[in-house]
Amino acid sequence: MNVDKCKKSIDGASLQMIDKACADCVGTVWDRFEAQQPQCGFGELGVCCRNCLSGPCRVNPFGEPSAGICGASADTIVARNLLRSVAGGAATHVDHAFEAVEMLEMAAEKSIPYDIKDEAKLRAVAGGLGLETEGKDKFELAKELAKALYSDFAPGKETMDFLKATAPAERVETWRKLGILPKDPDLEIRRIMHETTMGCDADPVNLLLNTAKMGLVDCYSGLKLGTDVQDIVFGTPMPVKTEANLGVLSKDKVNIVIHGHIPFLSEKIVEWARRLEDEAKAAGAAGIQLSGLCCTGNEVLMRQGVASAGNYLSQELAIVTGAVDLMVVDVQCIMPSLAQVAACYHTKLVTTHDIGKIPGAEHVDFRAEHADEDAARIVRMGIAAYKNRNAAKVEIPPQKAEMWGGFSVEAIVTALSKLDAENPLKPLVDNIVAGNVFGAAGIVGCNNPRFPQDSVIVPLAKELLKNNVLIVVTGCVAHALGKAGLMCPEGAEKYAGPGLLAVLRAVGEAAGLGGPLPPVLHMGSCVDNSRIGDLLGALAGYLGVSVSQLPVAASAPELNHEKALSIGTWAVDLGLFTHIGMAPFVLGSPVVTKVLTEDIEGLVGGKFYVEPDPVKAAEAMVAHIRKKREALGI
Ligand code: NFS
Ligand code: SF4
């Protein structure tokens, strides 16, 4: 445990738990990060290939060997590796969304204990796809919608209907001209695996165009599909107040922490935690305290107001408090180390998904068909574990901050309609034109142990707010800024520049929030990045311009997962200036690096920009916004 402690996190609660882990002799992600140093330079440059059994090959971008055994150059290897990673990210979102469509179908057939909660959204999405919505009850229409959505996964289409129905028309035309409109997601992902295998595509430009195509698969068969279907089944989020950080854990209650990504599990856990309060009391606890980590935490925060225990790098630390009785997980971003950390305390770790099993955890085969029984069983396992809690090992950090969530596009439009019912986007656009709101930024993505936890995210956000840039967030960035106190009305008073603050006050008062709107609006989990796309599409439509002309920028300051790469690729496809806090593994290829950070702008309007320093990154984002404002003549 030699890594300087302040190099691990800027969050006091995390630092306290890192000390406790050390005292309890529990290894954490930072110890393992240190054990990996120095990390392989070939890997970091992206020039290592093991796509066939002649390899592994390592190419030297500065000399010899300049090619792998088959002759693949650094450009080929880098582009191939990047494409596989982006396809990996897209596959997670497509699989997630497919599962959501299956759930929609089963809910429509009433064969599972889930309702269809947002009938208005059901009708809007079905209508958008050209389905006849009149004279059908919600279950009948949901069945038809599921069928239509499945058809996007079937062969034979020129491109996915859902993409054509939901992406801005100008963008669809741009993508068509570039030849990157995907046919169907399964075909495209299969083709990428084929294309990147030994002896197929060696052309870095062709590989990069197909990377851009994967960004579209990621959004329109993944993010947007997942969000819309989940809203239909669980309801579209509306503003809700909660709290964030490890201080939300309770000394007296059964603490159940939900971690992963898919709300079909977490929504049921929330329901059963509420229903089994009395059993927890009978076991001697004061009740059940639920909290969430990562994106499933965001899902239940947005819709149910469940508190946030933290983001990616806090997952082990939650258990280190000694107060977590049960952690239940499904898929993605779950460190396998949780089993070892849980074994040092009384914490029960429960896996629930076919493709998310962890040695050392207890597996409950959670199925929608018997979701109530499964969720009740898991909550009862938490209550039983509470009895094993060792008070001497419990230390809950005091930090927790007020945090607001629930800012779906529908919620934002509802709030703005209090200022102009006819034309809800007008007040926002007028304020952008007047310069009170200088522009907007979407900050999204993960933590990464390369950066002290939240150390790029928080200063970047503060700097942008100072410059009157309105911020929307998703994913682990939301937890970071919630913990830092930027996602509540007080955060507006403290951090927003004067122009922005006046607008936040006006909207907050009109919407009856009892104070200014938070300066950082929580739009959800990482699949909910589609909400940011929808908002931008609506603004561009209102102004009659392309999304790429808007005075906005995107950022993933502490990106980690392949999902962040696929989402970032889509953001660039959308025409956005996309800041990332570190280069992905591409620097071994000057061609790939130049295309991603320069040339691609001429094709789609967006590009990647790499900068680890948050203040410099904010300056570049503000400069980009200024350039876009000037081009629009505002
Ligand atoms: Ni997004 Fe969610 Fe967090 Fe990164 Fe992981 S939780 S889907 S990938 S680490 S933001
Ligand atoms: Fe080496 Fe080529 Fe095989 Fe890759 S595909 S491991 S570069 S021989």
Side-chain angles (χ1 to χ4, degrees), residues 29 42 46-60 65-81 84-85 88-93 95-97 195-202 218 222-223 226-227 258-263 266 292-299 301-302 308-315 329-335 356 442-451 453-454 457 473-482 522-530 555-568 580-581 588:
V29 59
F42 293 96
V47 290
C48 146
C49 180
R50 45 181 199 86
N51 288 8
C52 85
L53 297 171
S54 303
C57 298
R58 309 186 302 182
V59 170
N60 182 351
S66 61
I69 294 166
C70 66
S73 67
D75 292 330
T76 299
I77 293 174
V78 166
R80 228 163 37 183
N81 288 345
R84 275 207 173 183
S85 279
T92 68
H93 291 137
D95 203 32
H96 176 157
E195 178 182 9
T196 54
T197 196
M198 187 269 150
C200 255
D201 203 350
D218 185 71
L223 310 178
T227 299
I258 319 168
H259 180 16
H261 282 79
I262 317 234
S266 50
L293 284 164
C294 290
C295 278
T296 214
N298 282 323
E299 297 281 1
L301 188 159
M302 292 283 288
S308 153
N311 46 9
Y312 176 72
L313 285 178
S314 292
Q315 56 185 291
V329 305
D330 49 38
V331 286
Q332 302 169 22
C333 303
I334 299 149
M335 293 185 192
I443 314 183
V444 308
C446 328
N447 287 145
N448 181 325
R450 280 174 201 274
F451 306 102
Q453 181 187 24
D454 308 340
I457 297 167
V473 290
T474 59
C476 284
V477 163
H479 299 281
L481 297 177
H522 192 343
M523 295 193 80
S525 64
C526 287
V527 296
D528 294 336
N529 280 311
S530 63
S555 170
E558 299 175 24
L559 68 166
N560 186 57
H561 202 281
E562 286 178 332
K563 290 177 284 177
L565 294 179
S566 56
I567 294 168
I580 44 180

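We count ligands from 1, going down the list as the structure has it; atoms in each ligand are counted the same way.
Between the side chain of Thr227 and the backbone N or O of Val527, at least one donor-acceptor pair lies under 3.5 Å. Judged by distance alone, with hydrogens and angles left aside, the side-chain atoms of Asp330 form a donor-acceptor pair with the main-chain N or O of His261 at under 3.5 Å. With Asp201 contributing its side chain and Thr196 its backbone, the two residues share no donor-acceptor pair below 3.5 Å. Without hydrogens or angle criteria, Asn311 side chain to Val477 main chain gives no donor-acceptor distance under 3.5 Å. Using a distance-only test at 3.5 Å, with no hydrogens or angles considered, a donor-acceptor pair links the side chain of Asn529 to the main chain of Cys526. The backbone N or O of Ser525 lies less than 3.5 Å from no partner atom in the side chain of Glu299, so there is not a single donor-acceptor pair. No donor-acceptor distance shorter than 3.5 angstrom exists from the side chain of Glu558 to the backbone of Phe451, with no hydrogens or angles considered. For Gln315 (side chain) and Cys333 (main-chain N/O), a donor-acceptor pair under 3.5 Å exists by modelled atom type.
Residues passing the side-chain hydrogen bond (donor to acceptor under 3.5 Å, both in side chains) test with His479 are Asn298, Ser308, sequence neighbours excluded.
With waters left out, the protein N, O or S atoms under 2.8 Å from atom 4 (Fe) of ligand 2 add up to 1. For atom 1 (Ni) of ligand 1, the tally of protein N/O/S atoms lying closer than 2.8 Å stands at 1.
Numbered from 1 in the order shown, with element, the atoms of ligand 2 that lie under 4.0 Å from a heavy atom of Arg80 read 4 (Fe), 5 (S).
Among residues at least two apart or in separate chains, side chain to side chain donor-acceptor pair (under 3.5 Å) pairs with a member in residues 67-78 are Ser73-Thr76, Asp75-Ser589.
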